[in-house]
Amino acid sequence: MIVCANFKANKTRQETQAYMAVVESFVSANNISDTVIVFPPFTALEHLPRNVLIGVQNAYPVQNGAFTGEIALEQLEEFAVTTILIGHSERRHILGETQETVAAKFRFFAEKGFTIVYCVGEPLEIREEGNETLMDYISNQFEGIDLEYPDLIVAYEPVWAIGTGLTPSVRDIELLHGALREKTKAPLLYGGSVKVDNAGEIMTLENVDGVLVGSAALSANDFCDMIAQAAELS
């Protein structure tokens, strides 16, 4: 099982340090062997040994250069970060990243050997048009993406479920993950209003190999609860 916490634009450096102390202590005390990944804000990155993986929510696909406001490979190397989130719907729909831009990031960081958590998902109007339109939409989000990349993790997050408290039905999640499994052998995560109350059930579903959690993971204790649920299923 793979359990990921995406902080987005939340938590200060001090708050992140306190959070990591709780999570790392829990993982160590319970001999957790599942993969735990935390994506903090850039300002909270530290060069410290960890018993969980630290990833970044975004980066620019260059070693360094004149790209105002961006974080490049050189800065990630300073913190020994080799895990990245690419293609999140908030970057696609709010910040305007095109599939071409997303694919360029994927190619660059794949060439550098990063573990890539690659996000796909649909807005509500696409889901309402039916399964054929939905799968065409998801397939387009794989354009330019190497689905055989050995360090790939795919996260399905329906856009309409992120932060809304809404989730697809269990059957819908299974069907979508089954269709994704036909495309790739990579681990498949579900995201979109995952919380303590539903994480365990979601992780029992066929072809669901873990969860990518947003706001519900901002509580270290709640995230530890979800890690524990994953460990019970392993």
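- Aromatic ring orientation, Tyr156 versus His177: perpendicular (interplanar angle above 60°, classes split at 30° and 60°).
- Gly192 and Glu157 make their closest contact through N-OE2, 4.0 Å (heavy atoms, listed as atom of the first residue, atom of the second, distance).
- In this structure, the side-chain contact (heavy atoms from CB on, under 4.5 Å) partners of Ser139, at least two apart in sequence or on a different chain, are Lys183.
- Using a 4.0 Å cut-off between charged side-chain N and carboxylate O, Arg181 and Glu206 make no salt bridge.
- Aromatic ring centres of Tyr118 and Tyr149: separated by at least 6.0 Å.
- Using a 4.5 Å cut-off on side-chain heavy atoms (C-beta onward), Glu122 and Trp160 make contact.
- Exactly one of Arg92, Gln141, Glu143 qualifies for a side-chain hydrogen bond (donor to acceptor under 3.5 Å, both in side chains) with Gln99. That residue is Arg92.
- In this structure, Leu152 is not a member of the same hydrophobic cluster as Leu85, with clusters built from ILVMFWY side-chain heavy atoms closer than 4.5 Å.
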Evaluate side chain to side chain donor-acceptor pair (under 3.5 Å) for Ser234 paired with Asp34, printing each intermediate quantity in order.
CA-CA 8 Å; Ser234 297; Asp34 297 280; 2.3 Å; yes
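- Val62 and Ile71 fall into different hydrophobic clusters, where Ile, Leu, Val, Met, Phe, Trp and Tyr side chains are chained together by heavy-atom contacts under 4.5 Å.
- A distance-only check finds no donor-acceptor pair linking the side chain of Glu201 to the backbone of Asn198 [under 3.5 Å].
- Val56 and Val23 fall within a single hydrophobic cluster, where Ile, Leu, Val, Met, Phe, Trp and Tyr are joined by side-chain heavy atoms under 4.5 Å apart, directly or via other members.
- With hydrogens and angles left out, the side-chain atoms of Ser28 and Ser25 include no donor and acceptor closer than 3.5 Å.
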